[in-house]
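Atom set for the values below is all heavy atoms of this structure, side chains included, hydrogens, waters and symmetry mates excluded. Treat the numbers as computed from the prediction; the structure is a model and nothing was measured. Letters go in sequence order (proteins before strands), and every chain restarts at 1.
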Protein chains: 2
Amino acid sequence: MGSVPAPTGDDLLKVLAALGNPHRMRIVAALTEGRNYVSRLARDIGISRPLLHMHLQRLEAAGLVVGSLELSDDGKAMKFFEVAPFAHSLTPEIIAAASATLTDSGAASDPAAERATPGKRQPAPEPTPAQPPNPSP
Amino acid sequence: MGSVPAPTGDDLLKVLAALGNPHRMRIVAALTEGRNYVSRLARDIGISRPLLHMHLQRLEAAGLVVGSLELSDDGKAMKFFEVAPFAHSLTPEIIAAASATLTDSGAASDPAAERATPGKRQPAPEPTPAQPPNPSP
DNA sequence: GACATGTGTCAGTTTTCTTTGACAGGTGTT
DNA sequence: AACACCTGTCAAAGAAAACTGACACATGTC
């Protein structure tokens, strides 16, 4: 069974951060109706090209859209984007599992980050993890 | 058929923006193991109380956690937080549907935003919405 | 009273994200 | 050559988010 094989913390974080933006949501929506190239997509949505370019590479880094540079009939190079068939589920358990594999550094380009929760000292380990301290009854 | 009744654009946006943050993911993860109060939760995660307070009210505004001010045995007022049993699905279609109901203003308090895509002029309405312009073959 | 615990908020700084405008190059048509 | 398209990048401005420290209040114990 491998519908959604438990995404990495950093992976899911990138997806959520990418989708948590009105412009990027509209970009995904626009690409859901069919592939499109950058200049035209910018005109359709109504934002500037450099801005769309930034949003697109953010979505692509999260694996939500894929772009391919193609050559049209008249030899013009144009970059087409289309949505990737993603499917994520958001539940407390999935978030909890993902947070366990969070490097909190940047992306997947910093191998020196899996220490082991460095300064994780517990000054007063309460036996009841959901009750108030109750200093003296 | 009503497992996830198609969230509002602004609703889903708030959820995604709230979850797209490493600290807030850890907060949800910590609360998944059981309810907890603010001061202790701040110690557990390792962030300052004012910061945790800010993140918590962001998560609560998104409907991901719920807080309730209770009184402990010794009369101290303490605010307990617990995760809300949320369950969202993220697919291109759901994002597309949600983006249709985006106000893009702030929250659900600006009814003057559904103009009709103001400056949406089409200088050259291409008959093929997914093909290059192809000016002259 | 002094201390330790809990709550909340505020102003100010730092950091990050978003956005714009200008520039570089490429092609093909008039 | 000049124009109309397409591509990409950069530096700088603007806006928004994140973070900190100090303050306010409350309660119960030493």
Practice task
Please check the phosphate of C/dG8 (OP1 and OP2 only) for any side-chain N or O of B/Lys79 closer than 4.0 Å.
Solution key: yes
Handout entry: Any A/Tyr37 side-chain nitrogen or oxygen under 4.0 Å from OP1 or OP2 of D/dC6
Key = yes
Would you tabulate the side-chain donor-acceptor contacts of residues 26-33 of chain A under 3.5 Å, counting partners in other chains and residues two or more places apart, or write 'none'?
unit_1  : atom_1 : unit_2  : atom_2 : d
A/Thr32 : OG1    : A/Val28 : O      : 2.6

Handout entry: Distance below 4.0 Å between A/Ser39 side-chain N/O and D/dT7 OP1 or OP2
Key = yes
Exercise for the section: Ignoring backbone atoms, establish whether A/Arg24 has a side-chain N or O less than 4.0 Å from OP1 or OP2 of C/dT18. Expected result: yes
Problem - D/dT20 OP1/OP2 closer than 4.0 Å to side-chain N/O of B/Ser48 - result: yes
Handout entry: Any residue of residues 52-65 of chain B with a heavy atom less than 4.0 Å from an atom of DNA chain C
Key = B/His53
Exercise for the section: Would you mind telling me which of C/dT19, C/dT27, D/dT7 lies closest to the side-chain atoms of A/Val38? Expected result: D/dT7
Problem - Residues that A/Glu60 engages under side chain to side chain donor-acceptor pair (under 3.5 Å), provided they are two or more places apart - result: none
Practice task
Kindly say if A/Arg49 contacts the phosphate of D/dC5, meaning a side-chain N or O under 4.0 Å from OP1 or OP2.
Solution key: no
Fill in the blank from the handout: d(B/Phe81 CZ, B/Leu64 CG) to nearest 0.5 Å is 12.0 Å
Exercise for the section: Considering just the side-chain nitrogens and oxygens of B/Asn21, establish if one lies under 4.0 Å of OP1 or OP2 belonging to D/dA17. Expected result: no
